[in-house]
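Have a look at the structure below before the remarks.
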There are 2 protein chains.
Amino acid sequence: MSSNDHLCGCHGSMQSCVSIVPIFNHLQPPQMETIMKAVRTRTFKKGESIYRAGDFSDTLYIVHKGKIKTYRLAESGKEYLVSVLHPGDFSGEYALFSESIHESYAETLEPSEICTIQRKDLQGILEKYPEVALKILGEFSRKLEQSEKQTAYFATERVESRIALYLADLQRQQGERLVKLPMSRKDLAAHLGTTPETVSRKLADLESGGYIRQHSPKKLEILDLDGLLA
Amino acid sequence: MSSNDHLCGCHGSMQSCVSIVPIFNHLQPPQMETIMKAVRTRTFKKGESIYRAGDFSDTLYIVHKGKIKTYRLAESGKEYLVSVLHPGDFSGEYALFSESIHESYAETLEPSEICTIQRKDLQGILEKYPEVALKILGEFSRKLEQSEKQTAYFATERVESRIALYLADLQRQQGERLVKLPMSRKDLAAHLGTTPETVSRKLADLESGGYIRQHSPKKLEILDLDGLLA
DNA sequence: CGCGATATTGAGTGCACTCAACTGCAGTGG
DNA sequence: CCACTGCAGTTGAGTGCACTCAATATCGCG
C-alpha cells in the first residue's frame, strides 16, 4: 500500500522500478533494497531499439516509464508483434533460464525508462529469495496460458473474430466502455496476423453492425460486448 | 546414468516415472525417493479423457508410457491441437501456479500410463528442493519461446510454410531423414490451423516439388530440407 | 497552414475453405 | 477366404475471405 518514496534518497527513482513489478513488489523493504543494488536504469527515445534478434541475452528488462513493443520478423520480412509492455511489465525472461540468444526484437513506442538486471545478479536473487522464483513461475504460467490462447485464436478464428476478441480483452483490462488502443493500425495488424487495410475494414464493419463506435483511430467505445463475441 | 530399478521394490514401475522427467531427473536418489512418494500412477485406454476444460485443476500430469494430446475448443467447435506429449513430457502446469480451472482438454492417443502429483505435494517439493523450481522455470521458458514461435508462424506464414516448418522441426527432433508423424491428418490439421484436405494437398505439392517423399501416411522422407524452408 | 505519416476506401486476385465423391486399408463376420 | 463395413486419406469443383496494389482522406505536428 504505502510507497516509501523517501526511504532511499540516494537511489532516487530507481526504487519504484523494483516496487512496481509484480515479481518483486511483495518483498519486504530491506529485500527490495538488495535487489535495487543490482538494478540499472536506462532511458530511451521513441522508436529506439532495446535489443535485437541475434543479440546475446543475459539481461532482464523491466519497463519503468513509457511503452515498448516486442516483435519477431519472418524470413519474408513480415512482422509479428508479440506484445506491448507497459510500466511493471518485463521482458527478456526466456533467455534467463535456457537459450541465450534473442529471437525477437524490442523497441520503444514512446520515450521510456527501462530497468535492467543482469542474469547473474538475478540468479543470486533467486537463490537468496526463493519466493521470487515462485512469483516468476506464476507470471510465466500466466504468459504461457495467454500465448497458447492467442495461438488458438489464430488457428480457429477468422480475422473479424480475432479483432473482436482483442477488443474484448482490452475492455476487460481497462474496465471502461471507452477503450484506448495502445498501438497503430499497422502494429495492431502485425499483432493480429493481418493487414492495416483489413483492420480498418473490419472495424468499420463492427461499427456499422452497431457493436462499437470509433471516436478516433485509437479511441473506441464498446457498445455491445456480447454481440461482439458472437 | 544407472537406473536402479530394484532400489524400491514396493513401488515398482513408479520410480522411472520420476527419473525420466527433465525437471526431476537431476536429483539425487534419496530426493527422488521423496518425490516418488507423492506420485500416483493411472492407466488409460486409447482415446480416454485425462482432463477437460472447466475441470478444477490441481494436478501435474507426467507421461510415463504412451502418447497424449492437449487441445482447445473454440466456441464454433473448431479444435486447436496444442501439443502431443511423449514419455517424460508433462502438462497441467499452468494451473499449478495461477489459474485453477483448465482451459484445455487432454486425452490419450494410445494406451498410456500417466503419473500425477497433487498441487500441494508439488509445492512442498518446491520448498524443499528450490533447484526444482529453477528446472521448471527453464522448462517454462522453453515452452513459452516455442508457443511464441508457433504464434508467429500463424501470423506470418501461409499453410504450406507452416507445414514445411513443422516437418523441419520434426526432422530436427528425430534426427533422421525418415520422419514419423506422431498424429493423423485430422490432428495435424488441428495443430497447424488448417483442414485435413489442405494438409493432403500441400504434402502432395511438396512431394511433386521433390522436397519430400511420402512412404505411408505417417512416414515421410525429407529429401531437401533447405528447399523445404524456402 | 502545409507537409508527412497514418488511416480509410476501392478494385481485383488468389489461397485455402467447404462440400462431395472416391480410394485404400484394417478389422469383422459370414 | 473373401465380401462388408467403417474410418482415414486423397482428389475434385466451386466459393468466399482476406490479401495486394492503388487512390484518396484524415490526422498530427512543426
Side-chain angles (χ1 to χ4, degrees), chain A residues 45-47 69 74 76-81 84 107 109-111 153-167 179-209 212-220, chain B residues 45-47 69 74 76-81 84 109-111 153-167 180-209 212-220:
Chain A
K45 303 197 199 87
K46 176 175 173 172
K69 70 168 178 178
S76 64
K78 206 171 170 187
E79 173 182 327
Y80 165 60
L81 190 153
V84 172
E107 73 178 53
L109 292 172
E110 303 173 356
Y153 288 165
F154 275 110
T156 61
E157 309 290 342
R158 50 175 78 243
V159 170
E160 189 162 322
S161 303
R162 298 208 294 273
I163 294 179
L165 287 161
Y166 175 79
L167 292 180
V179 159
K180 177 144 195 318
L181 295 182
M183 53 186 142
S184 67
R185 291 287 181 275
K186 182 168 155 291
D187 283 341
L188 189 52
H191 181 58
L192 297 174
T194 180
T195 60
E197 295 94 325
T198 298
V199 172
S200 269
R201 279 185 249 271
K202 297 303 180 184
L203 284 176
D205 290 349
L206 291 176
E207 182 162 30
S208 67
I212 64 168
R213 175 124 182 269
Q214 306 192 55
H215 293 257
S216 76
K218 290 191 182 161
K219 272 193 192 162
L220 304 187
Chain B
K45 303 196 199 89
K46 175 175 175 172
K69 70 169 178 178
S76 64
K78 206 170 170 188
E79 172 181 328
Y80 165 59
L81 190 153
V84 172
L109 292 173
E110 302 174 353
Y153 287 166
F154 276 111
T156 61
E157 308 291 343
R158 49 170 86 244
V159 170
E160 189 163 324
S161 303
R162 298 208 295 272
I163 294 179
L165 287 161
Y166 175 80
L167 293 180
K180 177 142 196 315
L181 294 181
M183 53 186 141
S184 67
R185 292 285 181 276
K186 182 168 155 291
D187 283 341
L188 189 52
H191 181 59
L192 296 174
T194 181
T195 60
E197 294 95 326
T198 298
V199 171
S200 268
R201 278 186 249 272
K202 297 302 179 184
L203 284 176
D205 290 350
L206 290 176
E207 182 162 29
S208 66
I212 64 168
R213 175 125 181 268
Q214 306 190 55
H215 294 256
S216 75
K218 292 192 181 160
K219 273 193 190 161
L220 305 187

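Below, read A as the first sequence line, B as the second, and so on, with proteins coming before strands; counting in each chain starts at 1.
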Return the 5'-most residue of the pair A:Val199, B:Ala204 with respect to DNA chain D, ranking by each residue's nearest nucleotide.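 Going by which nucleotide is closer to the 5' end, it is B:Ala204.
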Suppose we screen for side chain to side chain contact (heavy atoms under 4.5 Å, CB included). Which residues come up paired with [X], at least two apart in sequence or across chains?
| X | result |
| --- | --- |
| A:Ser76 | A:Ala74, A:Lys78 |
| A:Lys219 | A:His215, A:Ser216 |
| A:Lys218 | A:Leu181 |

Contacts under 3.5 Å, N or O only, protein and nucleotides 5-7 of chain C:
from, atom 1, to, atom 2, distance (Å)
C:dA7, OP1, A:Arg185, N, 3.4
C:dA7, OP2, A:Arg185, N, 3.1

For [X], all residues meeting side-chain hydrogen bond (donor to acceptor under 3.5 Å, both in side chains), sequence neighbours excluded:
| X | result |
| --- | --- |
| A:Glu107 | A:Tyr71 |
| A:Glu197 | none |
| B:Glu79 | B:Lys69 |

Note down the inter-axis angle between the two ends of the helix from C:dC1-D:dG30 to C:dG30-D:dC1, five pairs each, to the nearest 10°.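 End-to-end axis angle for the helix from C:dC1-D:dG30 to C:dG30-D:dC1: 30°, rounded to 10°.
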Give the rounded distance in Å between these two atoms: [atom1] of [X] and [atom2] of [N].
| X | N | atom1 | atom2 | result |
| --- | --- | --- | --- | --- |
| B:His215 | C:dC25 | NE2 | C1' | 19 Å |
| B:Asp205 | C:dG14 | CG | C1' | 14 Å |
| A:Lys46 | D:dG28 | NZ | P | 12 Å |

Counterpart residues, salt bridge (Lys or Arg N to Asp or Glu O under 4.0 Å), relative to A:Glu157 (two or more places apart):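 Partners of A:Glu157 under the salt bridge (Lys or Arg N to Asp or Glu O under 4.0 Å) test: none.
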Could you pull out all residues at least two apart from B:Glu207 that satisfy salt bridge (Lys or Arg N to Asp or Glu O under 4.0 Å)?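 If we apply the salt bridge (Lys or Arg N to Asp or Glu O under 4.0 Å) test to B:Glu207, skipping adjacent residues, there are no hits.
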Could you give the distance from CG (B:Leu203) to CD (B:Glu160), rounded to the nearest 0.5 Å?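 Here the rounded value is 9.0 Å.
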Just by protein heavy atoms under 4.0 Å, how would nucleotides 16-21 of chain C read 5' to 3' in B, S and -? SSBBB-
Tell me which donor-acceptor pairs under 3.5 Å the side chains of residues 188-196 of chain A have, and how far apart each pair is, sequence neighbours excluded?
from, atom 1, to, atom 2, distance (Å)
A:His191, ND1, A:Leu81, O, 2.8
A:Thr195, OG1, A:Thr198, N, 3.3
A:Thr195, OG1, A:Thr198, OG1, 3.0

